[in-house]
Protein chains: 2
Amino acid sequence: MDNITHILQSARKAKNMTQGELGAKAGLPQSHISQIESGNIDLRLSSLQEIARLLDLDVMLIPVNLKPAIRSIISGKEGEAQKPAWRVDEGEL
Amino acid sequence: MDNITHILQSARKAKNMTQGELGAKAGLPQSHISQIESGNIDLRLSSLQEIARLLDLDVMLIPVNLKPAIRSIISGKEGEAQKPAWRVDEGEL
DNA sequence: GCTTAAAATATGTTTTCACATATATTTTAA
DNA sequence: TTAAAATATATGTGAAAACATATTTTAAGC
C-alpha cells in the first residue's frame, strides 16, 4: 500500500515503540496503528500528523521539482549534523 | 485550522484552478474541496495525496530536525532554479 | 448604477469508511 | 509449555466523502 505508512512503521520500530505505546501517546487504539501499518486503512490527516509528531516527523507538502534535493538531505543521516547535502546532486534517493 | 489546507488553497489559486476543476481531476466533488479548504474537515490521506499531486505537490514525512533546511529550500522560489539555500541559516520558515 | 445569468463556492442529507471498543491470534521469552 | 506481550481481527458508531441543492460572486447587458 502506501509508502508513508511503511515509513511510519519503520520509524516506530527505530524508536523501539510498540503499536500500543504509540497508540496510547497518539490517543488512538492499538488496533488502528495495526490497521494503518498494514495499509488497509486510508487514515485521516490529523491521525497521520499526530503519529508523525510522536515519531519526530512532520507532514509537509513538497513541490515535486524539489523532491530530489530534499530526499538527498533526508538520506544524508537523519539525526546528527548534516554532511553537505549541497554536493549538487548525485543519485536521487 | 490546519496550515496544509491553506497551502492547498493557495496552490490551487496559483494554478488558476477552480474548486470544481480540481475536484473533477481529483475525482472528488467540488463540495469536498470547499470543505477541505475552509478547514472544517479532517481529510483522508488519499484525498490529500491526490489533490497535492494535481497541484504539483507531494506529501512527505520530514524529520523535524531537518525542517529548517527544507523550508529554506522551499521558500527560495518554487518553480525556478534555486538561489543558494545553503547560506547557513537566516530566518527559519 | 441596476438586473440577470452563469460561474464559483458553500450548505444540507445520505452513505461509506475511519476510528472506538472488545476480542482473538501470534510472538516472545521464561 | 505457558503466560504475557505484541499484533491482528470483528463489530458498532461518528465523521468524511458522495450527491444534491442553495448561496454567493462575477461580469455582461442594459
Side-chain angles (χ1 to χ4, degrees), chain A residues 1-65 67 70 74 78-79, chain B residues 1-65 67 74-75 78-79:
Chain A
M1 190 260 189
D2 193 65
N3 193 25
I4 282 187
T5 62
H6 290 119
I7 295 174
L8 294 179
Q9 181 169 43
S10 46
R12 172 178 67 80
K13 288 179 175 170
K15 282 206 159 356
N16 278 92
M17 294 175 88
T18 66
Q19 292 180 347
E21 287 168 343
L22 181 60
K25 291 188 185 181
L28 297 169
Q30 172 272 323
S31 56
H32 285 217
I33 311 291
S34 172
Q35 297 275 50
I36 289 165
E37 288 186 354
S38 58
N40 3 9
I41 250 174
D42 187 5
L43 80 168
R44 293 179 191 169
L45 176 56
S46 65
S47 303
L48 176 62
Q49 289 184 134
E50 187 59 13
I51 293 168
R53 194 181 62 79
L54 292 163
L55 300 172
D56 297 313
L57 297 170
D58 202 59
V59 181
M60 287 186 77
L61 290 176
I62 303 295
V64 288
N65 62 311
K67 275 179 66 180
I70 285 166
I74 293 174
E78 229 70 326
Chain B
M1 190 260 190
D2 191 68
N3 192 27
I4 282 186
T5 63
H6 290 119
I7 295 174
L8 293 179
Q9 181 168 44
S10 46
R12 175 179 64 81
K13 288 180 176 169
K15 281 203 158 356
N16 279 92
M17 294 175 89
T18 67
Q19 293 182 345
E21 287 168 343
L22 181 60
K25 292 187 184 182
L28 299 170
Q30 170 273 325
S31 55
H32 286 216
I33 311 289
S34 172
Q35 298 275 51
I36 290 165
E37 287 187 354
S38 58
N40 3 17
I41 251 178
D42 186 5
L43 80 168
R44 294 177 189 171
L45 177 56
S46 66
S47 302
L48 176 62
Q49 286 179 316
E50 188 59 14
I51 293 169
R53 194 182 61 79
L54 292 164
L55 300 172
D56 297 313
L57 296 170
D58 202 60
V59 181
M60 288 187 77
L61 291 175
I62 303 295
V64 287
N65 62 314
K67 276 179 67 180
I74 293 174
S75 37
E78 231 70 327

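Order of the sequence lines sets the chain letters (A, B, ...), proteins ahead of strands, with each chain counted from 1. Note that the structure is predicted; figures quoted are calculated from it, not measured.
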Colleague: Distance check needed: C:dA18 P versus A:L45 CG, whole Å only.
Modeller: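 Rounded to whole Å, this separation is 15 Å.
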Colleague: Looking at side-chain heavy atoms only, is the closest gap between A:I33 and A:L8 below 4.5 Å?
Modeller: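 No. Closest side-chain heavy atoms not under 4.5 Å.
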Colleague: At their closest point, which heavy atom of A:R12 faces which heavy atom of A:M17, and how far apart are they?
Modeller: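 Looking at all heavy atoms of both residues, the shortest contact is NH1-O, 2.8 Å.
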Colleague: Please evaluate the base of C:dT11 for a donor-acceptor partner in the side chain of B:S34 within a cut-off of under 3.5 Å?
Modeller: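 There is none.
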Colleague: B:S31 or B:R44: which one's nearest nucleotide on DNA chain C is closer to the 5' end?
Modeller: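 Nearest-nucleotide comparison on DNA chain C picks B:S31.
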Colleague: Rounded at 0.5 Å granularity, tell me how far CZ in A:R44 sits from OG in B:S46.
Modeller: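 Here the rounded value is 12.0 Å.
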Colleague: Kindly indicate whether the side chain of A:Q30 and the base of D:dA8 share any N or O donor-acceptor pair separated by less than 3.5 Å?
Modeller: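 Side chain to base: pair present.
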Colleague: Can you measure A:I33 atom CD1 to D:dT9 atom P for me and round it to whole angstrom units?
Modeller: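 Nearest whole value for this atom pair: 16 Å.
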Colleague: Is any side-chain nitrogen or oxygen of A:R12 closer than 4.0 Å to OP1 or OP2 of D:dA6?
Modeller: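 So the side-chain polar atoms of A:R12 never come under 4.0 Å of the phosphate oxygens OP1 or OP2 of D:dA6.
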Colleague: For B:L43 and C:dA18, what is the distance between atoms CG and C1' respectively, to the nearest whole Å?
Modeller: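 After rounding, the reported distance stands at 13 Å.
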Colleague: Please set out all donor-acceptor pairs under 3.5 angstrom arising from side-chain atoms of residues 52-61 of chain A, sequence neighbours excluded.
Modeller:
unit_1 : atom_1 : unit_2 : atom_2 : d
A:R53  : NE     : A:E50  : OE1    : 3.4
A:R53  : NH2    : A:E50  : OE2    : 2.8
A:D56  : OD2    : A:K15  : NZ     : 2.8
A:D58  : OD2    : B:K67  : NZ     : 3.2

Colleague: State the pairing partner of C:dA30; accept Watson-Crick or G-U wobble contacts with both distances under 3.5 Å, and report none otherwise.
Modeller: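 Partner of C:dA30: D:dT1.
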Colleague: Contact class for A:G27 (heavy atom, under 4.0 Å): base, sugar-phosphate, or nothing?
Modeller: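 Sugar-phosphate contact only - A:G27 comes under 4.0 Å of backbone atoms but never of a base.
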Colleague: For a quick test of reading the model: is some side-chain N or O of B:Q35 closer than 4.0 Å to OP1 or OP2 of C:dA10?
Modeller: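 No, outside the criterion.
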Colleague: In whole Å, I'd like the distance from the CD1 atom of B:I36 to the C1' atom of D:dA16.
Modeller: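 In whole Å, D:dA16 C1' lies 9 Å from B:I36 CD1.
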Colleague: Rounded to the nearest Å, what distance is computed from the CG atom of residue A:D42 to the C1' atom of nucleotide D:dA15?
Modeller: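 Rounded to the whole Å, the gap is 14 Å.
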Colleague: Nearest-Å distance, NZ (A:K13) to P (D:dA5)?
Modeller: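 After rounding, the gap between these two atoms is 20 Å.
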Colleague: Without decimals, in angstroms, what is the distance between A:E21 CD and D:dA5 P?
Modeller: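 In whole Å, D:dA5 P and A:E21 CD are 12 Å from each other.
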Colleague: Taking pairing as Watson-Crick or G-U wobble with both contacts under 3.5 Å, can you name the mate of C:dT4, or confirm there isn't one?
Modeller: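 Per the H-bond distance test, D:dA27.
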Colleague: Working to the nearest 0.5 angstrom, can you tell me the gap between A:S34 OG and A:N40 CG?
Modeller: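 With rounding to 0.5 Å, OG (A:S34) is 7.5 Å from CG (A:N40).
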Colleague: Given atom CG of A:N16 and atom P of D:dA5, what is their separation to the nearest angstrom?
Modeller: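 About 17 Å, once rounded to whole Å.
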Colleague: Taking any heavy-atom pair under 4.0 Å as a contact, classify B:L28: base, sugar-phosphate, or nothing.
Modeller: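 Here B:L28 touches the backbone only, sparing every base.
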